[in-house]
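Hydrogens, waters and symmetry mates play no part in the numbers below; they use all other heavy atoms, side chains included. Just so it is clear, the structure is predicted and the values come from calculations on it, not from any experiment. Within every chain, numbering begins at 1; the chains are lettered A, B, ... in the order of the sequence lines, protein sequences first and strands thereafter.
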Number of protein chains: 2
Amino acid sequence: MSKADRTKSRILETAIELFNDRGTKAVTTNHIAAALGISPGNLYYHFRNKEEIIRAIFVQMHEVGVSEYREINDPRGPGNAASMEETFLMIQRFNWRYRFFKRELAALVQSDPELKALFVASHREHLAMVRQAIDASIEQGFFREIPLHLRELLTEQIWLMALFWLNYLEVGGEEVTEATLARGNEILRTMMLPYLSESALRSVMQGSGVHTL
Amino acid sequence: MSKADRTKSRILETAIELFNDRGTKAVTTNHIAAALGISPGNLYYHFRNKEEIIRAIFVQMHEVGVSEYREINDPRGPGNAASMEETFLMIQRFNWRYRFFKRELAALVQSDPELKALFVASHREHLAMVRQAIDASIEQGFFREIPLHLRELLTEQIWLMALFWLNYLEVGGEEVTEATLARGNEILRTMMLPYLSESALRSVMQGSGVHTL
DNA sequence: ACTAGTTTAGAGTATACGCTCTATTTTTTT
DNA sequence: AAAAAAATAGAGCGTATACTCTAAACTAGT
């Protein structure tokens, strides 16, 4: 790792913290430089402007996210309750670490077309992952058979939930804690419950506190 | 309506348009004044700053929203599929008219505690409305009996969906059209489907293109 | 050790932002 | 019609912002 790379990642790290605390609007490049103890000139040597920093943070988030997803779902493969919930919690961890990003998501992609393109691509990938997880679940007899159209709706339902749960908590005046994250997980289970197969229903029942219909 | 009130509402109207187009960050009080053809001094005579304008817009949105909700649900009462979907569409209309607000929601409430208090109160009211609609649906035999805890989860599931659907479309690179709004509606139906009573299932089946489980 | 390339410092600049202040016009009250 | 109050104009000001530029320091290859 070269010196430049080290400085670059220190800038990103500091920027993430400041953005999370105060929002991208309130944080200027000069603030980031000052918080890091480097000069504005130095910062501008590495990043042409604030937008570029934000884009770099997004790319980082996406890359790490995809690789963590693979780690969780590769060994056992997707398509069981455990890996789905683990994935959901992983996403929430990301949403927390990069919370400024989801918080300002719509505004950010509006004002930066380049970022928008990046995000839309990632968004589609995520949808594909959910879709794949559902299909695998059906194949493994964890879910029942579901008509294609309904499967599509379920995919979006689940992804929207994963994408905005933290946001929902924040704007509703709730803190992000173990408990509130668990509630999100519960809602996710509730969404999937109607689609569980007979056998899955039986095995899930005796485990966690899922409520029956 | 006094002259001041007229000017005030013209300011709000112009602000909404500009905010929707360019985002609150890019729009300054001077821009609003210029777009309206009044002086900055005049604008500041009516509103102390941009935050106050945003708060006023929110209050307007909330008040009109509540009264429209009453109009839809008062005559027949909540608790049937038609009024629920009509309410959902109404909310989406609001989300569109004030789209800058939902777009920047989390960031706005973060940087303005006063606005946050207003929003949280409204948020709770909305949740209560959904809760009430569900209870009424059960009472009228449209929904089956549902345990309290599950009812709570369903409430949040529905409200989160209504709150963020437009946002979801926007960040996903989809335009807001009749078709995409209808898709949101479909997802809403999918969420409620598992909870319909036998009789409701029968009557719903033959109507719209709802997919059976 | 020399040198070319890379990285950093920090002063500096043009611009725009949010906002104020006073003077003037318009409206309302008596 | 005169006086008081409300509404508006517009110049202007302090500050912060995003960003640049040059010179200095450091690093790496030979």
Return the value, rounded to whole Å, for the distance between atom [atom1] of [X] and atom [atom2] of [N].
| X | N | atom1 | atom2 | answer |
| --- | --- | --- | --- | --- |
| A:Arg48 | D:dT20 | CZ | P | 9 Å |
| B:Ile11 | D:dT8 | CD1 | P | 8 Å |
| B:Arg10 | D:dT8 | CZ | C1' | 11 Å |
| A:Ile53 | D:dA18 | CD1 | C1' | 11 Å |

Does a donor on one side chain sit under 3.5 Å from an acceptor on the other, for B:Glu156 and A:Tyr168?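 Result is yes, a qualifying pair exists.
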Taking side chain to side chain contact (heavy atoms under 4.5 Å, CB included) as the test, write out the residues that go with A:Ser111, two or more places apart. none
Just to verify, what does A:Asp21 make a side chain to side chain contact (heavy atoms under 4.5 Å, CB included) with, not counting sequence neighbours?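 Result, side chain to side chain contact (heavy atoms under 4.5 Å, CB included) vs A:Asp21: A:Arg99.
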Give, ordered by number, those residues of residues 25-34 of chain A having at least one heavy-atom distance below 4.0 Å to an atom of DNA chain D; if nothing qualifies, reply none. A:Thr28, A:Thr29, A:Asn30, A:His31
Ion pair A:Glu104/A:Lys25, N-O distance below 4.0 Å: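 So A:Glu104 does not pair with A:Lys25 through a salt bridge.
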If you walk 5' to 3' along DNA chain C, what is the first nucleotide with an atom under 4.0 Å of a heavy atom in chain A, and what is the last?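 That gives a stretch of C:dT6 to C:dG10.
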Is the distance from OP1 or OP2 of D:dA9 to the nearest side-chain N or O of B:Ser39 less than 4.0 Å?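 Yes, B:Ser39 has a side-chain N/O under 4.0 Å of OP1/OP2 on D:dA9.
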List the steps and the verdict of side-chain contact (heavy atoms from CB on, under 4.5 Å) for A:Gln92 and A:Asn95. CA-CA 5 Å; A:Gln92 298 315 312; A:Asn95 286 350; 3.6 Å; yes
Could you say whether B:Asn42 or A:His46 is positioned toward the 5' end of DNA chain C, judged by the nucleotide with the nearest heavy atom to each? A:His46
Ring pair (Phe, Tyr, Trp, His ring centres under 6.0 Å) contacts in which one or both residues fall within residues 5-27 of chain B, not counting sequence neighbours: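 Sorted pair list: B:Phe19-B:Phe100.
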Please check if atom CD in A:Glu125 has more than 12 non-hydrogen atoms from other residues, nucleotides or ligands closer than 6.0 Å. yes
Return a table of donor-acceptor pairs under 3.5 angstrom between the side chains of residues 43-51 of chain B and protein atoms on other chains or two or more places apart.
from, atom 1, to, atom 2, distance (Å)
B:Tyr44, OH, B:Thr29, OG1, 3.0
B:His46, NE2, B:Asn42, OD1, 3.4
B:Arg48, NH1, B:Glu52, OE1, 3.1
B:Asn49, OD1, B:Glu51, N, 3.2
B:Asn49, OD1, B:Glu52, N, 3.0
B:Lys50, NZ, B:Thr24, O, 2.7
B:Lys50, NZ, B:Val27, O, 3.0

